[in-house]
Asker: 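Below are the structure tokens for one structure; questions will follow.
Below, all heavy atoms of this structure are taken into account, side chains as well, without hydrogens, waters or symmetry copies. Source: prediction; values computed, not measured.
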Amino acid sequence: QVQLVESGGGLVQAGGSLRLSCAASGRTFSSYAAGWFRQAPGKEREFVAAITWSGGRAYYADSVKGRFTISRDNARNTLYLQMNSLKPEDTAVYYCAADEALVMVVSTTSSSYWGQGTQVTVSS
């Protein structure tokens, strides 16, 4: 079992930045691929970014490429999402997820472990 707790959400103006954190506990976090998803009101949950267990490779949705950066610190059991140049359409609840299989994090919304989410609101 892996427990995930997100933090760092909030209200920011368009063009601003936020950094989300996801603290992991339980089994060895470094054994898992991890990622970020988001869900806006009335919309389905969508993939944002993912990273391999080692942190050596990252994947991004086209909508955030060049603006968001995913990273991890396995020594601290923490996953990060640096979000720059935020837009109102980035407004959503952001969730971190983890799975032993990278494909589950990159290609599906069916990862084994999920956090409770943190709200990000970008005002225009």
Side-chain angles (χ1 to χ4, degrees):
Q1 289 283 347
V2 175
Q3 292 78 43
L4 303 172
V5 179
E6 302 96 335
S7 62
L11 174 64
V12 64
Q13 288 189 331
S17 299
L18 282 175
R19 187 175 82 155
L20 305 183
S21 299
C22 175
S25 61
R27 297 186 66 180
T28 306
F29 181 58
S30 59
S31 300
Y32 294 83
W36 291 94
F37 292 74
R38 65 188 182 186
Q39 188 166 17
K43 295 188 177 181
E44 295 186 350
R45 189 170 299 188
E46 65 175 4
F47 169 77
V48 174
I51 192 166
T52 56
W53 65 270
S54 67
R57 190 161 185 175
Y59 304 81
Y60 297 94
D62 288 342
S63 59
V64 306
K65 204 171 292 184
R67 300 188 298 122
F68 291 10
T69 302
I70 188 171
S71 62
R72 67 191 297 164
D73 184 342
N74 286 337
R76 296 179 182 271
N77 291 332
T78 304
L79 178 73
Y80 301 101
L81 184 69
Q82 178 66 43
M83 304 186 294
N84 298 330
S85 302
L86 283 161
K87 305 175 182 180
E89 51 263 44
D90 294 318
T91 295
V93 177
Y94 283 70
Y95 299 89
C96 66
D99 200 284
E100 291 182 341
L102 176 63
V103 65
M104 296 296 287
V105 183
V106 174
S107 304
T108 78
T109 56
S110 301
S111 296
S112 295
Y113 304 104
W114 292 88
Q116 83 289 347
T118 186
Q119 177 71 47
V120 172
T121 303
V122 184
S123 63
S124 57

Asker: Does Thr78 form a side-chain hydrogen bond (donor to acceptor under 3.5 Å, both in side chains) with Asp73? I'd like the steps, not just the answer.
Answerer: CA-CA 5 Å; Thr78 304; Asp73 184 342; over 6 Å; no
Asker: Quick check: closest heavy atoms across Gly35 and Leu79, and the distance to 0.1 Å?
Answerer: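 Distance-wise, the nearest heavy atoms are O-CD2, 3.7 Å.
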Asker: Transitively linked via ILVMFWY side-chain contacts under 4.5 Å: Met83 with Val12?
Answerer: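 Yes, Met83 connects to Val12 through the hydrophobic network.
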Asker: Do the side chain of Thr108 and the main chain of Ser110 share a donor and acceptor less than 3.5 angstrom apart?
Answerer: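 It does hold such a pair.
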Asker: List the atom of Gly8, the atom of Thr118, and the distance in Å for their closest heavy-atom pair.
Answerer: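 Looks like N-OG1, 4.3 Å.
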Asker: Heavy atoms only: give me the nearest Gly9-Leu20 pair and the separation to one decimal.
Answerer: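 Heavy atoms of Gly9 and Leu20 come nearest at N-CD2, 3.6 Å.
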Asker: Is there a side-chain contact between Gln13 and Val122, using heavy atoms and a 4.5 Å cut-off?
Answerer: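 No, their side chains stay 4.5 Å or more apart.
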Asker: Got more than 12 heavy atoms from elsewhere within 6.0 Å of NZ, Lys43?
Answerer: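 No, NZ of Lys43 has 12 or fewer neighbouring heavy atoms, counting only those of other groups under 6.0 Å.
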Asker: Asn74 vs Arg72, test: side-chain hydrogen bond (donor to acceptor under 3.5 Å, both in side chains). Steps then yes/no.
Answerer: CA-CA 6 Å; Asn74 286 337; Arg72 67 191 297 164; 2.8 Å; yes
Asker: With clusters defined by side-chain heavy atoms of hydrophobic residues (ILVMFWY) lying less than 4.5 Å apart, directly or transitively, does Ile51 cluster with Tyr60?
Answerer: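 Yes; Ile51 is reachable from Tyr60 via cluster members.
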Asker: Between Ser85 (side chain only) and Arg67 (backbone N and O only), is there a donor and an acceptor less than 3.5 Å apart?
Answerer: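 No, Ser85 side chain to Arg67 backbone: no donor-acceptor pair under 3.5 Å.
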Asker: What are the two closest non-hydrogen atoms of Val106 and Ala50, and how far apart are they?
Answerer: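 Nearest pair, atom of Val106 first, then Ala50: CG2-CB, 3.7 Å.
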Asker: Find out whether Arg38 and Val64 are in side-chain contact, i.e. whether some heavy atom of one side chain is under 4.5 Å from a heavy atom of the other.
Answerer: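 Counting from C-beta outward, Arg38 and Val64 do come under 4.5 Å.
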Asker: For residues Ala92 and Ala40, report the shortest heavy-atom separation together with the two atoms involved.
Answerer: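 It is CB-N, 3.8 Å.
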Asker: Holding to side chain to side chain donor-acceptor pair (under 3.5 Å), I want the full list of residues that pass it with Thr109, two or more places apart in sequence or in another chain.
Answerer: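 For Thr109 there are no side chain to side chain donor-acceptor pair (under 3.5 Å) partners, ignoring immediate neighbours.
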Asker: Evaluate the ring pair (Phe, Tyr, Trp, His ring centres under 6.0 Å) criterion for residues Trp36 and Phe68: first the C-alpha distance (whole Å), next the side-chain angles of each, then the deciding distance (0.1 Å), finally the verdict.
Answerer: CA-CA 11 Å; Trp36 291 94; Phe68 291 10; 9.9 Å; no
Asker: With the side chain counted from C-beta on, respond yes when Val105 and Val103 share a heavy-atom pair under 4.5 Å apart, and no when they do not.
Answerer: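 They are not in side-chain contact.
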Asker: Under 3.5 Å, is there a donor-acceptor pair linking the side chains of Asn84 and Ser17?
Answerer: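 Result is yes, a qualifying pair exists.
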Asker: Closer than 3.5 angstrom, by distance alone: can the side chain of Ser54 be matched with the main-chain N or O of Gly56 as a donor-acceptor pair?
Answerer: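 Answer holds: yes.
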Asker: Hydrophobic clustering (ILVMFWY, side-chain heavy atoms < 4.5 Å, transitive) - are Val48 and Trp114 grouped together?
Answerer: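 Trp114 does not cluster with Val48.
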Asker: Any non-hydrogen side-chain atom of Thr52 less than 4.5 Å from a side-chain atom of Leu102?
Answerer: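 Heavy-atom side-chain distance check passes, below 4.5 Å.
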Asker: Does a side-chain heavy-atom distance below 4.5 Å link Asp90 with Val120?
Answerer: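 Not touching, per the 4.5 Å side-chain cut-off.
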Asker: Look up atom OG in Ser71 and atom CD in Gln82, then write down how far apart they are to the nearest 0.5 Å.
Answerer: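 Ser71 atom OG to Gln82 atom CD measures 8.0 Å (nearest 0.5 Å).
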Asker: Would you say the rings of Phe47 and Phe37 are close, in the sense that their centroids are separated by under 6.0 Å?
Answerer: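 They qualify: ring centres under 6.0 Å apart.
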Asker: Between Tyr80 and Tyr32, is there shared hydrophobic-cluster membership here, with clusters defined by ILVMFWY side-chain heavy atoms closer than 4.5 Å?
Answerer: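 No, separate clusters.
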Asker: Using modelled atom types only, decide if a donor and an acceptor are shared between the side chain of Gln1 and the backbone of Gly26 within a distance under 3.5 Å.
Answerer: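 Side chain of Gln1 to backbone of Gly26: no pair is present.
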Asker: Identify the heavy atoms of Ser111 and Ala98 that sit nearest to each other, and give their distance.
Answerer: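 Minimum heavy-atom separation between Ser111 and Ala98: CB-O, 3.7 Å.
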Asker: How far does CG of Leu86 sit from OG1 of Thr91, to the nearest 0.5 angstrom?
Answerer: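 With rounding to 0.5 Å, CG (Leu86) is 8.5 Å from OG1 (Thr91).
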Asker: Hey, could you give me the CD/CD distance between Gln39 and Gln119, rounded to the nearest 0.5 Å?
Answerer: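 That separation rounds to 11.0 Å.
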Asker: Look only at the side chain of Asp99 and the backbone of Ser112, and say whether a donor-acceptor pair between them is shorter than 3.5 Å.
Answerer: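 Side chain of Asp99 to backbone of Ser112: a pair is present.
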Asker: Assigning hydrophobic clusters by single linkage (Ile, Leu, Val, Met, Phe, Trp, Tyr; side-chain heavy-atom cutoff under 4.5 Å), is Ile70 placed with Tyr95?
Answerer: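 Each belongs to a different hydrophobic cluster.
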Asker: Can any side-chain N or O of Ser107 pair as donor or acceptor with the backbone N or O of Met104 at less than 3.5 Å?
Answerer: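 Side chain of Ser107 to backbone of Met104: no pair is present.
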Asker: Please confirm whether the backbone N or O of Cys96 pairs with a side-chain atom of Glu6, one donor and one acceptor, at under 3.5 Å?
Answerer: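 Pair found, side chain donor or acceptor close to backbone of Cys96.
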